[in-house]
Amino acid sequence: MTTKSEPITKNLSTKELIQTNKSKKSLKKLFEKIIPAILFLFAVVTVLTTLAILYTLITEAVHFFQRVSFTEFFTSTNLKPLSQNPSFGILPLLSGTLLSTVIAMIVAGPIGLMAAIYLSEYASDRIRKWLKPMLEVLAGIPTIVYGFFAFTFVTPLLRSIWPEIEATNILSPGIVMGIMIIPMVASLSEDAMTSVPKSMREGAYALGATRLETAMKVVIPAAISGIVASFVLAISRAIGETMIVTIASGSTKNFSLDITESMQTMTAYIVEVSSGDAAAGTTIYYSIYAVALTLFAMTFLMNLLARKIARRFREEY
Amino acid sequence: MKYIDHSQVKKKINSRLRLNSFLKYIFLGATLFGLVVLVILLARVISQGLSWIDWNFLTGHLSMDPEKAGIMGAVLGTFWLMLVVIFFTLILGMGAAIYLELYAKKNRFHSFIQTNIANLAGVPSIVYGILGLTVFVRFMDLGSNILAGGLTLSLLVLPIVIVSSQEALRSVPQAMGEASYGLGASKWQTIQNIILPAALPSILTGSILALSRAIGETAPLVVLGIPALLIPFPGGIMDRFTALPMQIYYWTLDASLVAEYANLAAASIIILLLMLFVLNSAAILIRNKFQHRF
Amino acid sequence: MAVKSPLYAVPKMETKGPELKPMNDTIFETNSLNLWYGETQALKNVDLPIPEKSISAIIGPSGCGKSTFLKTLNRMVELIPSVQTTGEIKYKDTNILSKDYSAEALRTEVGMVFQKPNPFPKSIYDNIAYGPRIHGIKKKSILDEIVEKSLRDAYIWDEVKDRLKENAFGLSGGQQQRLCIARCLAIEPEVILMDEPTSALDPISTTKVEELVQTLKEDYSIVIVTHNMQQAARISDQTAFFLNGEVVEFGQTEKLFTKPSDQRTEDYINGRFG
């Protein structure tokens, strides 16, 4: 065995080499200090993004509310931004958003939950390994493609069944949005259900319960807050969804709950106004900030709520 | 006396089992429903658009005339966007993730940043569009160019990249870092030589998936004022541009004026989906190749 | 009536007899070392001189602070947030716990081998060359020499010389651990700290590692934490017994295992607790 005192090169041992190199290290020390500082700034970019969103939305919305009163904005059922005597009530947009979201959840809620039950309680590991990624493909399709599908396929299909439906209507994008959200509900609910301890299921099986009874009476009640959180997140997603409703629901600003009619959502209004060359400084230009602020506040609260519920669920297990 | 009549239970058990297996198929049907729609959607798009894809369509300039219209400009615009997005999200996302996972003290400021990132991930994409319009297009006076679009989309997917990079860094065993520290390596040497290379495949997978989310986004671009009909090809990040989703959007809207536009939209969707397919396959390949290494 | 005998055989004792050789000069000396993880105190007033060029074993039940103590010797405990220390650790008469003493410099002289083999996801060659490289040795010819010498010193050269470019994960657990020892030798430390280095290995690999450790004491000062008392008795020159963060007894291994001076040590080596 060679001993370590034996020189590794002509006249220096490794240790001596390391020692000589150490004296040149002051630059490296500086480097060690600067890098975390730079990386910290990168992390701060996310905070700046939030601040920038809040700042732009609020300052521009303030301009809007200097011209249009709070009460008019939140209580008027008239939205006529381009008329001689313009009025800016958000209620028509809220009704459109609400309606499309409700329709989407009527589709995504039950179907997503049933899929979650199948995936977590019935499917074998092998089937689940295939089905889950396939479902996620559905979530990966760009929304513009769903918009195209709603407008050129689902609407004509619906009209062939139900002729009163207009060429642009809120029903078709609502349904398609629901289909788009199915994977989200299914996957998040399934996560909640699979995190219910196995021992609970075994307890039910040992008493002679069927899979269905176990799922309905044991697993779902135990996972209910996780499931509710997934629904809330899905609602938030539906409220913020833009392209499907913009394309397939038209731009009629009616305060109504008639699903056969064309209706505009908050998001579609922002698209219409911002792509319509509204000159900066006009009331109609500022109105998109007021609408966007409302939209931001709604989705923010929904997300907050979902996280609160989900956290409570995690504490349980 | 007996509280449970076993003969009654036996009689009932058959109907309970029947209900169980009946609903099993209902649940399976619900799971497959989405897939059926996916198949219909793809079949529809392909049957409508495939015949319109030819050499002229792939390489030509945009045109009002559906017979002459080509998609090259929009494809190039999307590629340029990808470059900008991958550049900014990788640097910012990886950097922020390294800071949050490996440097930051786990105090209240840290949890504030984490909560903030979670919130940002839930902000609707159109709000990012308004942010980009106000800050990049107007305030920084970039106009509706590739840089403004790319920066907007970068901010949009940054939370996703940060969160997935953090998970990737967290999955590197601590023992590896310890081994490096034990040899006298400094913190940055350890990160640069050991932790980051080990986490890189997962970071890339997450970033590519985020990238594919970004290039499908339409709403922020519409708000930024990306033009409908732009004839010249973009040659640099300061050029004005159009992108594939934008083209699909305008052609779909105008299909009520010129029916063939719907077919062009379908053809463009095929191209967009192909690009997404390639990106996602790359992500999956990277993930599978480097999975279970430690 | 059976005569009470130690549960663990101490083969060395019979050959060397009661005559104990004197300890070497100390390389490490701790004075009133205290350590807290947040509120809980893990080390209490530890005063321990560790002699150079010999093997010192640290034994004790789980959670007694033996691993914590080992990791303070190269300041690896600092990686855990909320750790606080008082007292001093003198390495070659300098207090390494002082702020100006760089942990990186310390760790180039005090190497460490871990409980589980933890090679890097790199080739065998790059694993060994990692240490020299981060300390600025870049020349290929020198690195080649260091790699070969370290692997030879760790008695693993013959097993891996034909596959130096292969990933280190392809080696068996025992080979990986000897690779990790070689990786540690590559920066020529003065001291090697070993944290239960054989606990994840099979008996044959354990024997090989133990033999290797025995040969290394010619050139290195070795501190080994183990909960295998037979191992401590087999390979170490002196042993410290830790209990609840305190040093109960420290002395020549033969003496500690045959004539412990503290009742608690006797209880422990006779298997009454822990």
Side-chain angles (χ1 to χ4, degrees), chain A residues 28 31-32 35-36 38-40 42-43 45-47 49-50 52-53 56-57 60 111 114-115 117-119 122 131 134-135 137-138 140 142-145 147-149 151-153 179 182-183 210-213 236 240 242-243 247 267 270-271 274-275 280 288-289 292 295-296 299-300 303 307, chain B residues 16-17 19-20 23-24 26-28 30-31 33-35 37-38 41 44 92 95-96 98-100 103 113 116-120 122-127 130-131 133-135 138 155 158-159 162 186-188 212 216 218-219 222-223 225 245 248-249 252-253 255 262 265 269 272-273 276 280:
Chain A
K28 264 197 181 140
F31 213 54
E32 287 289 333
I35 282 187
I38 295 172
L39 297 180
F40 170 76
F42 289 176
V45 168
T46 58
V47 180
T49 308
T50 309
I53 289 175
T56 49
L57 292 187
E60 305 287 59
I111 295 181
M114 285 195 283
I117 296 173
Y118 182 78
L119 289 172
Y122 289 94
L131 276 180
M134 301 262 281
L135 264 182
V137 172
L138 210 57
T143 56
I144 182 75
V145 178
F148 173 84
F149 184 64
F151 186 56
T152 65
F153 181 77
I179 292 167
I182 289 174
T210 62
R211 265 179 199 275
L212 178 69
E213 289 154 354
S236 160
T242 308
M243 291 325 289
I247 289 180
T267 50
I270 296 171
V271 167
S274 60
S275 59
I288 63 171
Y289 290 92
L295 173 72
F296 177 80
T299 53
F300 177 76
N303 290 339
R307 265 216 308 288
Chain B
R16 282 166 57 199
L17 281 173
L19 185 66
N20 177 48
L23 279 177
K24 175 184 170 174
I26 298 280
F27 294 154
L28 176 62
T31 315
F33 173 74
L35 301 182
V37 174
L38 181 67
L41 187 155
R44 166 83 185 178
L92 287 176
I98 292 173
Y99 176 78
L100 291 171
Y103 280 104
I113 291 190
N116 180 55
I117 290 172
N119 282 332
L120 279 180
V123 172
S125 61
I126 191 153
V127 173
I130 291 181
L131 177 71
L133 173 72
T134 318
V135 175
R138 299 234 157 105
L155 289 183
L158 191 57
I162 294 178
S186 66
K187 187 149 195 171
W188 178 245
S212 75
T218 319
V222 181
V223 177
I248 297 166
Y249 172 55
T252 308
L253 278 189
I269 288 175
L272 179 64
L273 291 181
L276 293 179
N280 283 284

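A, B, ... follow the sequence lines: proteins, then strands. Residue 1 opens every chain. Keep in mind that what you see is a predicted model, and the values were worked out from it rather than measured.
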Checking heavy atoms, do the side chain of [X], its backbone, both or neither come under 4.5 Å from chain A?
X	result
L155(B)	side chain
L19(B)	both
Y249(B)	both
L158(B)	side chain
R44(B)	side chain
L23(B)	side chain

Please rank [options] by heavy-atom pairs under 4.5 Å with chain B and give me the top one.
options	result
V145(A), L57(A), T143(A)	V145(A)
A43(A), G140(A), A292(A)	A43(A)
L119(A), I182(A), I288(A), V271(A)	V271(A)

Determine the minimum heavy-atom distance between [X] and [Y], stating which atoms define it.
X	Y	value
G147(A)	I247(A)	O-CG2, 3.7 Å
L100(B)	I117(B)	CD1-CD1, 3.7 Å
I179(A)	P183(A)	O-CD, 3.6 Å
T218(B)	P245(B)	OG1-CB, 3.4 Å

4.5 Å side-chain heavy-atom contact, [X] and [Y]:
X	Y	result
L295(A)	P124(B)	yes
L272(B)	P142(A)	yes
I144(A)	F149(A)	no
Y103(B)	W188(B)	yes
F42(A)	L39(A)	yes
Y122(A)	L28(B)	no

So which of [options] has the biggest tally of heavy-atom pairs under 4.5 Å with chain A?
options	answer
I26(B), V127(B), V223(B)	V223(B)
I269(B), I113(B), N119(B), I130(B)	N119(B)
S125(B), A265(B), S186(B)	S186(B)
A96(B), G225(B), G34(B)	A96(B)
I98(B), L253(B), V123(B)	V123(B)

Measure [X] against the heavy atoms of chain B and call it side chain, backbone, both or neither at under 4.5 Å.
X	value
I35(A)	side chain
M243(A)	side chain
F148(A)	both
F40(A)	both
V45(A)	side chain
I38(A)	neither
T210(A)	both
I53(A)	both
T50(A)	both

**Study point:** Donor-acceptor pair, side chain of N280(B) and main chain of L276(B), under 3.5 angstrom
**Key:**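 It does hold such a pair.
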
Check your understanding: What's the verdict on side-chain contact (heavy atoms from CB on, under 4.5 Å) for L133(B) and R138(B), showing C-alpha distance, side-chain angles and the deciding distance?
Key -> CA-CA 6 Å; L133(B) 173 72; R138(B) 299 234 157 105; 4.2 Å; yes

Review point. Charged N to carboxylate O under 4.0 angstrom, E32(A) versus K187(B)?
Key: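 A salt bridge is absent here (no side-chain N lies under 4.0 Å from a carboxylate O).
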
**Study point:** Worked check of side-chain contact (heavy atoms from CB on, under 4.5 Å) between L41(B) and F153(A)
**Key:** CA-CA 9 Å; L41(B) 187 155; F153(A) 181 77; over 6 Å; no

